[in-house]
Amino acid sequence: MPELDKTYTAAEVEARWYQQWLDDKAFVADPARVSEKRPAYSIVIPPPNVTGILTLGHVLNNTIQDILCRRARMLGKEVLWLPGTDHAGIATQNVVEKTLKKQGGIKHRDDLGREKLVEKIWEWKEKHGGIIIQQLKKLGASCDWSRERFTMDEDYSCCVQKVFVDLYKKGLIYRGKRMVNWCPSSLTALSDEEVVMKTQKGLLYHFKVEVVEQPGTWLEIATTRPETIPGDMAIAVNPKDERYKHLIGKHARRPLPLENQAALPIIGDEHVDYEFGTGVLKVTPAHDKADYEILLRYRAAVMAASSELVDKYSQGPIDIMLPNGVMNNLAGKDLAGIERFEARKIAIALLTEMGAMVKEEPHQNNVGYSERADVPIEHRLSEQWFLKYPSVEAARECVAGRAGVSPAEAGIMPGSSEASGKMPDAAGGTPALPQMRFFPDRWAKVYDHWMGNLQDWCISRQLWWGHRVPVWYLPHNPDGLTEEQRRVAEIIKNKSDLRYSFITGRGFAYCDIEPPTGGNWLQDPDVLDTWFSSWLWPFATMGWPNKTADLKAFYPTTDLVTGPDIIFFWVARMIMAGYEWMGEMPFKNVYFTGIIRDKQGRKMSKSLGNSPDPLELIEKFGADALRFGIMRSAPLGADIAFDDKNVELGRNFCTKLWNAARFRQMQSSSGVSPETSSTGIPPVATEAEINPALLTSDDKWILFRLNTAINEVTSALEEYRFSDATATLYRFFWSEYCDWYVEASKAVLQGSAGVSPVNSDGTGETPALPSRKANTLAVMDFVLGHTLRLFHPFLPFITEELWHGMGFNADMPENQGGKSIMFAPWPKPFSEDELAHFGILPEDEKTANDKYETVNLGRGLKSTFNITKRVRFVIKPKQELPAHEIEVLRILLNADPLDVDASYAAKKGTPVVLTPLGELFLPLEGLIDVEAERARVTKELNKASDELGKVRGKLADENFISKVPQKVLDEHKQREADWAAQLAKLKTMLETLG
RNA sequence: GCGCGAUUAGCUCAGUGGUAGAGCAUUACCUUGACAUGGUAGGGGCCACAGGUUCGAACCCUGUAUCGCGCACCA
């Protein structure tokens, strides 16, 4: 390998390795390789919108998945990360329609017609779809691209229809005329989940109506929507309201439309809140859910009382609006053809003119907005398809940590007599049901609450792009039943085929993928909610309904990584679908990411223009840098405040890693190491190549720290604490390896005559220089080889480059690191045996720590006196210091020379610090500002005195010493002794200063 | 309104009862043979507030405030 450049150039390396991985089919999963020894690990990607582009949210989400997958590979698992995209009905159709309109081809989609438009959307999809897939590759995502799926693929569409038919036959899908959420912009029904409530600062308008039977009596009504007055069908008051109850049964005249001021019944309904407004409610059943229910209740009551009135009230609600939010003729001539918000102004003007307007007051309320189109939705009575959710119980029960249920409790087998009581002991032997875990677990409560309050799901959309409802109708024949209709009627009567049914207003219906042969069966025009296809994602992507090898090996999947914003849209529904059609949960763990925000804590949004383009970041800093930066700032369960600085930090980190490798490489090129292989660089060192007898305290220390890092990173990843893992890696590599170990190792690597004993009592046991150098290099290789592996899931590109560049792959088996670091074994912490082999004891850590502490103190001393040059230090050691330790101290202190003198008698005024190794002097005759030194020592003395006072205070407290545990007591006593000694020394120092 | 979460250095966050931490930012100094995308040293905190438990509270309990999220909703 040629000598490494001074800086790392990400772009070239990333492109090269990604292609190599693809060529090697490194991401391709093979169910045949799954065995007990090689367990499966699988993730299905949350399918991004096929027309979408990569956002930071995707970066976060997919980096996490990639980290999990790459680590699983290193653990020797057979990994499937299944990618794909979503057809995203409304969004995609909107994008294409808009583009076509811009291009001037059409004014409305009807100009093109259904078939043509769908064709155009497919064209668009082929051309622009999947940009995001290419972008994911830039990020380093190790998806099995050979299995890429799209929710509108033929096979997938089949699954969607099959599922619809199945639910239809089970009686869980029905068609009905109901109040739904209607988007006047997209012209379709929406599910409750697609409506977001927004707080609005609006006005509450008060107007009055006169009671017909009591002229002169006026009722004041408060409303936020005066434009809907023409749709009013009643005036409602609370039957317990003393102010109004005597008016129930009378009538009041509706002010609008002017040409049709109908007398509306004044009715009683418990729903009316007397606290709100005036306590009088206008009832607009066609445009308000609650009002619609009031009408239904009223109608039922009226009909029960008198069948004569049935006709009068059996008419439907008065719908005064067109689907696009423009008022229709029923709104009256003044409002007809006017857009709803414009109509409001006119209605107010009309009321004012006729003297009915009383006042308007500021009012804050919540208005439902269409999530996609970002316009206020309308409540609208329309015929739609609804689904009663299947497998609700199982889906609800399987999530551990639900409200009021501990994970262990939730795991009790059903049917156990103790199920609702106390849980058995852990040793009780009751095997727990498989449990799904949420990270962070608080989302389990949110999930449980939603699952406990399920509303039927409106699954039909008035769109053209999507899976068309597989229901077929036989047109009504007014001249009596045809032969075909008679045949179908018979089937329905006998319930011999559940695919047939009768739907009011539609006639005979048949639900299946294909229509029945014969007859003019027409397909339902609606398509299905996109989520009605994505809820099948974990198994429909793996070949369901066939019992494929993929399903057998990889279902249930292991982890799901997604945002909490789609917990109901997607996660909950997938769980239900998993139980309904696979009989099993679809994934074992769900990791909910945070939401990416900008520095000011605002959500990323197009309109704010505060969302950086990840691809630009990758170009500027590298994919590894972006990954590391974003993972470092993404703690479990918290939102992410995104700042380019994080990515820059990632880039800097990669540079550091690169240069540390470069340093190592430069050492071996000097050729001093006899153990160096013929290639010039040894392969990753194994334990066997490290000679424990030659280990310095620094070597032992870094091995010890490595061991700690392995433990920390491993457990952090097991608990999905990614930012903790990166923090550990950062600390270990930068602070411990580079700042201390590499610097200390220079004592061995760069020591000229270096290690010759400087101390008077020279121990003389310094080993021959070359073998010691070789040993230090072996330790470096061992640490670097492990470090690269620990980093690989986070920094796949640079670690692969260095793994090969450093030759660490050389002696590894082909499929375990020889070809790619991706399959190198995940580092394991040292066993007891290994620790014994290296001769690493806990006190070795202290030896090195004491040394580094001494260095810190010495540097501080230099800094206090503004010494920037290399100067002489003298140490008066507490006990003998081996030559190596002295040399390390010398180098780290940048001392020239470092004299060791056990009987050193410093001149008056010589600055000195008390270190764990003894007194360290900075003899600078004549250069010292005695006043400054006195000030410094006094400050330390005060500190020591304070601390001593605190500890003594505690130890003097009878309460304290009698109640505190022995361990804490000992600690305090030790602390007292330490501070007392420190204080005494400092006093002496101060006296010495004169 | 109900529920959940947060509140620790200028910023982003660790810290599960025993001497308050990290990174960034900032200040000073240093281009020394891996790295200036770097090194060394420093400054900076009544741990949101008020009570309580305890020998001892950032940490446990109660309440309050502010912010965020979810659910419900009064027109």
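Throughout, protein chains are lettered first and strands after them, A, B, ... in sequence-line order, and every chain is numbered starting at 1. In this text, all values refer to a predicted model and were calculated from it rather than measured experimentally.
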**Asked** With sugar-phosphate meaning primed atoms plus P, OP1 and OP2, does A/E971 contact a base, only sugar-phosphate, or nothing at under 4.0 Å between heavy atoms?
**Response** sugar-phosphate
**Request:** Identify whether any heavy atom of A/F621 sits under 4.0 Å from a base atom; if not, whether one sits that close to sugar-phosphate; answer base, sugar-phosphate or nothing.
**Result:** nothing
**Asked** Around A/Q200, counting heavy atoms of other residues, nucleotides and ligands shown, do more than 12 lie under 6.0 Å from its CD?
**Response** yes
**Asked** Any side-chain donor-acceptor pair under 3.5 Å between A/K943 and A/S945?
**Response** no
**Fill in**
From CG of A/L281 across to P of B/C73 the rounded distance in Å is 15 Å
**Prompt:** Does a salt bridge link A/E736 with A/R731, judged by any charged N lying under 4.0 Å from a carboxylate O?
**Reply:** yes
**Message:** Between A/N365 and B/A75, is there a contact of a side-chain N or O with OP1 or OP2 at under 4.0 Å?
**Reply:** yes
**Asked** Considering only the P atoms, how many Å lie between B/U19 and B/U26, rounded to the nearest integer?
**Response** 32 Å
**Message:** If I pick the C1' atom on B/A6 and the same atom on B/U12, what distance separates them, to the nearest angstrom?
**Reply:** 14 Å
**Message:** A quick test of your reading: do over 12 heavy atoms of other residues, nucleotides or ligands sit less than 6.0 Å from NZ of A/K620?
**Reply:** no
**Item:** Residue-phosphate contact under 4.0 Å: A/H363 side-chain N/O, B/A75 OP1/OP2
**Value:** yes
**Asked** Would you say A/W734 reaches B/U37's phosphate, i.e. side-chain N/O to OP1/OP2 under 4.0 Å?
**Response** no
**Item:** hbond_proxy A/E743 side chain to B/A34 base (donor-acceptor, 3.5 Å cutoff)
**Value:** yes
**Listed nucleotide nearest any side-chain atom of A/T223, set B/U37, B/A75, B/C55** = B/A75
**Protein-nucleotide distance (A/H206, atom NE2; B/A75, atom P), rounded to Å** = 12 Å
**Pair of N/O donor and acceptor under 3.5 Å linking B/C35 base with A/K656 side chain** = yes
**Request:** Please state whether the phosphate of B/C74, meaning OP1 or OP2, lies under 4.0 angstrom from any side-chain nitrogen or oxygen of A/Q364.
**Result:** no
**Item:** Lys/Arg-Asp/Glu bridge criterion (N-O < 4.0 Å) met for A/E947, A/K950
**Value:** yes
**Request:** With C1' as the reference atom in both, quote the distance from B/A25 to B/C11 in angstrom, rounded to an integer.
**Result:** 7 Å
**Message:** Just N and O in the side chain of A/K746: are any of them under 4.0 Å from OP1 or OP2 of B/A34?
**Reply:** yes
**Request:** Calculate the interatomic distance between A/K973 atom NZ and B/U19 atom P; express it in whole Å.
**Result:** 18 Å
**Message:** So for A/R859 and B/U40, does any side-chain atom that can act as donor or acceptor lie under 3.5 Å from a complementary atom in the base?
**Reply:** no
**Prompt:** Can you tell me how far C1' of B/U54 sits from NZ of A/K954, to the nearest Å?
**Reply:** 12 Å
**Prompt:** Between A/R975 and B/U19, is there a side-chain N or O to OP1/OP2 distance below 4.0 Å?
**Reply:** no
**Asked** Does A/Y447 have a side-chain nitrogen or oxygen under 4.0 Å from the phosphate oxygens OP1 or OP2 of B/G3?
**Response** no
**Request:** Specify the separation, in whole Å, of atom CH2 of A/W740 and atom P of B/G39.
**Result:** 13 Å
**Complete:** Between CD of A/E220 and P of B/C74 the distance, given in whole Å, is 21 Å
**Length of the line joining A/E293:CD and B/A72:P, which is rounded to integer Å** = 14 Å
**A/D957 (side chain) and B/C55 (base): donor-acceptor pair under 3.5 Å** = no
**Request:** Please state whether the phosphate of B/U32, meaning OP1 or OP2, lies under 4.0 angstrom from any side-chain nitrogen or oxygen of A/N894.
**Result:** no
**Request:** Take the protein atom CG of A/N238 and the nucleotide atom P of B/A75, then report the distance between them rounded to whole Å.
**Result:** 16 Å
**Message:** Does a side-chain N or O of A/N453 approach OP1 or OP2 of B/A72 to a distance below 4.0 Å, or not?
**Reply:** no
